[in-house]
Every structure is written in C-alpha cells, then in structure tokens.
J.: 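What follows is a single structure, and I will ask about it in a moment.
Positions are given from 1 along the sequence. Just so you know, these numbers use all the heavy atoms, side chains as well, and skip hydrogens, waters and symmetry mates.
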Amino acid sequence: MLPSLSKIPLSIREKAITYAPKVLRPTLKLVPFSLHKSLLLPALHSVFKEAIEDGDFEFLTNRWLKISIADLEVNWWLSFENEQLIMANPNNPPQEDVSFSANGDDLVLIAGRKQDPDTLFFQRRLKIEGDTELGLEVKNLIDAIDIDQLPSSVHSAVAEMAGMLELTRQQVEENNQAQRVAV
C-alpha cells in the first residue's frame, strides 16, 4: 500500500469506506449500460484471456451468471457465446442460472487476494444462489484469476484499495476489541 494511504487517519478511511457506496450508488445509476458493457467486457476478456482461449468458459454457454454488487445496487448478467463473454442489458435481464452477490469492498478484497471467496461465502458476505455446480465452476474460475494479468495501473489500483480496506478493517477491529476490554 502506498505510504500516503496508510498515513490517512483511521477515522477518515473508515468513513470513506462507509460512505463510498452511498456516493457511488446514484452516480452509477446514471451510467448507461453501453458504458458498463464497454468497460467491463474488455476487462474480463483481458483477465480471463487464457481461460477463454482454453475453453474454460464453455460451461456458461446458454447459461447466465448474475453478478450483483449489493451495496451499489449494480447487476450484470454474463454468458458465453461464440468464444467470447457476452453481457445482457439490465433493462431486459435474462433469468440467471446462478447469482453471485457481495458488497463492493468484499469484491475488491477478493480481487486483491486479501480475502478468499470461500471464507466470505461461509461468513455470508458472498452469496451464491442457483445452480450449485455452475456456481462452483464460476468460483473456481475466480480463484484462478491471476491479478498480474491486469494492466499495471489497474493491478496497482486494485492492490492499493484491497490493502487499504484490509488495513482499515483490521485497525477498526483492534480498536473495537480495545474498547471492549476497557469497559
């Protein structure tokens, strides 16, 4: 993590984490589907380039994965067709076969390799609903993501955010424990 982020007072980092979804939620609702699609699909194709080339996404052919960022109220429907990932318009969403849902900060922690999807699942912070076998295949692909395949600027940003989230949560928990002991 950048030294500048770790120097930000804990109370400010904690408030930023708490209020970021409240600020981003209405803003993201204004972003048209075409922009979501034009940003998300190339990023996914970049991250999963090797898996796509190896045919690892064929299990999603004619099946739909819904990804929900719960605290931001953002939903994406993804499938696989003609050797590429496709995205459905949320104004006419398909019936999903499996759904993954979590808050944005938990997804950042997964992407930054600071949290394991299984741990978040058992803590009920990552919800997987629908076809269990399909969900397991998707989870295995998530586990196989090599964050180093991302462009360096994206990799750095994800790593920085995940590091800040992890440090802030850890320090908040330490403060809460100290306060319980003091009482």
Side-chain angles (χ1 to χ4, degrees), residues 1-2 4-6 8-48 64-78 85 87-91 93 96 98-130 135 138-173 176:
M1 184 164 59
L2 287 173
S4 58
L5 287 180
S6 63
I8 296 171
L10 175 61
S11 62
I12 293 173
R13 284 184 280 133
E14 185 179 15
K15 284 182 177 144
I17 291 168
T18 301
Y19 290 108
K22 294 173 184 171
V23 171
L24 291 173
R25 188 180 314 123
T27 305
L28 287 172
K29 288 183 187 261
L30 298 173
V31 176
F33 166 70
S34 59
L35 185 56
H36 281 261
K37 185 177 178 178
S38 68
L39 294 173
L40 186 62
L41 284 180
L44 289 173
H45 278 272
S46 173
V47 170
F48 291 111
W64 288 94
L65 162 65
K66 178 182 178 186
I67 300 172
S68 296
I69 305 175
D71 56 345
L72 297 178
E73 298 176 3
V74 171
N75 299 301
W76 297 308
W77 286 264
L78 300 169
L85 290 168
M87 192 170 174
N89 190 322
N91 295 326
E96 65 268 6
V98 68
S99 171
F100 278 63
S101 176
N103 284 334
D105 55 349
D106 287 326
L107 294 173
V108 169
L109 290 170
I110 291 170
R113 297 292 192 225
K114 300 293 184 182
Q115 276 285 350
D116 175 60
D118 290 329
T119 301
L120 293 179
F121 176 77
F122 288 113
Q123 293 174 349
R124 301 194 187 281
R125 291 169 40 200
L126 172 63
K127 294 179 181 116
I128 304 172
E129 298 173 311
V138 172
K139 188 202 75 66
N140 289 340
L141 273 175
I142 292 169
D143 285 342
I145 292 173
D146 182 3
I147 193 168
D148 293 329
Q149 291 180 5
L150 292 171
S152 62
S153 59
V154 175
H155 177 267
S156 296
V158 169
E160 291 296 322
M161 286 299 300
M164 187 204 59
L165 284 166
E166 181 182 51
L167 176 64
T168 302
R169 284 184 174 182
Q170 182 180 43
Q171 290 175 334
V172 166
E173 182 57 33
N176 290 341

J.: Rounded to the nearest 0.5 Å, how far does CZ of R125 lie from CG of D106?
T.: 4.0 Å
J.: Is it true that a side-chain atom of R13 and a backbone atom of I8 form a donor plus acceptor pair closer than 3.5 Å?
T.: yes
J.: Quick one: list whatever passes side chain to side chain contact (heavy atoms under 4.5 Å, CB included) with N75, sequence neighbours left out.
T.: K66, S68, W77
J.: Only counting residues at least two apart or in another chain, list the ones meeting side chain to side chain contact (heavy atoms under 4.5 Å, CB included) with P117.
T.: I110, L126, K139, I142, D143
J.: With the side chain counted from C-beta on, respond yes when R169 and L109 share a heavy-atom pair under 4.5 Å apart, and no when they do not.
T.: yes
J.: Please report the interatomic distance CD(E166) to CE(M161), rounded to the nearest 0.5 Å.
T.: 13.0 Å
J.: Are side-chain heavy atoms of L40 and M87 found at a separation under 4.5 Å?
T.: yes
J.: Give the minimum heavy-atom separation between G112 and A162, together with the two atoms involved.
T.: CA-CB, 3.8 Å
J.: Between F100 and G135, which heavy-atom pair has the shortest distance, and what is it?
T.: CZ-O, 3.4 Å
J.: Which distance, rounded to the nearest 0.5 Å, do you find between the CG of D116 and the CD of Q123?
T.: 10.0 Å
J.: How long is the straight-line distance from CG of D105 back to CE of M164, given to the nearest 0.5 Å?
T.: 9.0 Å
J.: Among residues at least two apart in sequence or on other chains, which ones pass side chain to side chain contact (heavy atoms under 4.5 Å, CB included) with V74?
T.: L28, H36, I69, L72, W76
J.: Once you round to the nearest 0.5 Å, how far does OG1 of T168 lie from NZ of K15?
T.: 13.5 Å
J.: To the closest 0.5 Å, what do you measure between CD1 (I128) and CG (D118)?
T.: 8.0 Å
J.: What are the two closest heavy atoms between L85 and L44, and how far apart are they?
T.: CD1-CB, 3.8 Å
J.: Between N103 and D71 (side chain of the first, backbone of the second, donor and acceptor by atom type, cut-off under 3.5 Å), is there such a pair?
T.: yes
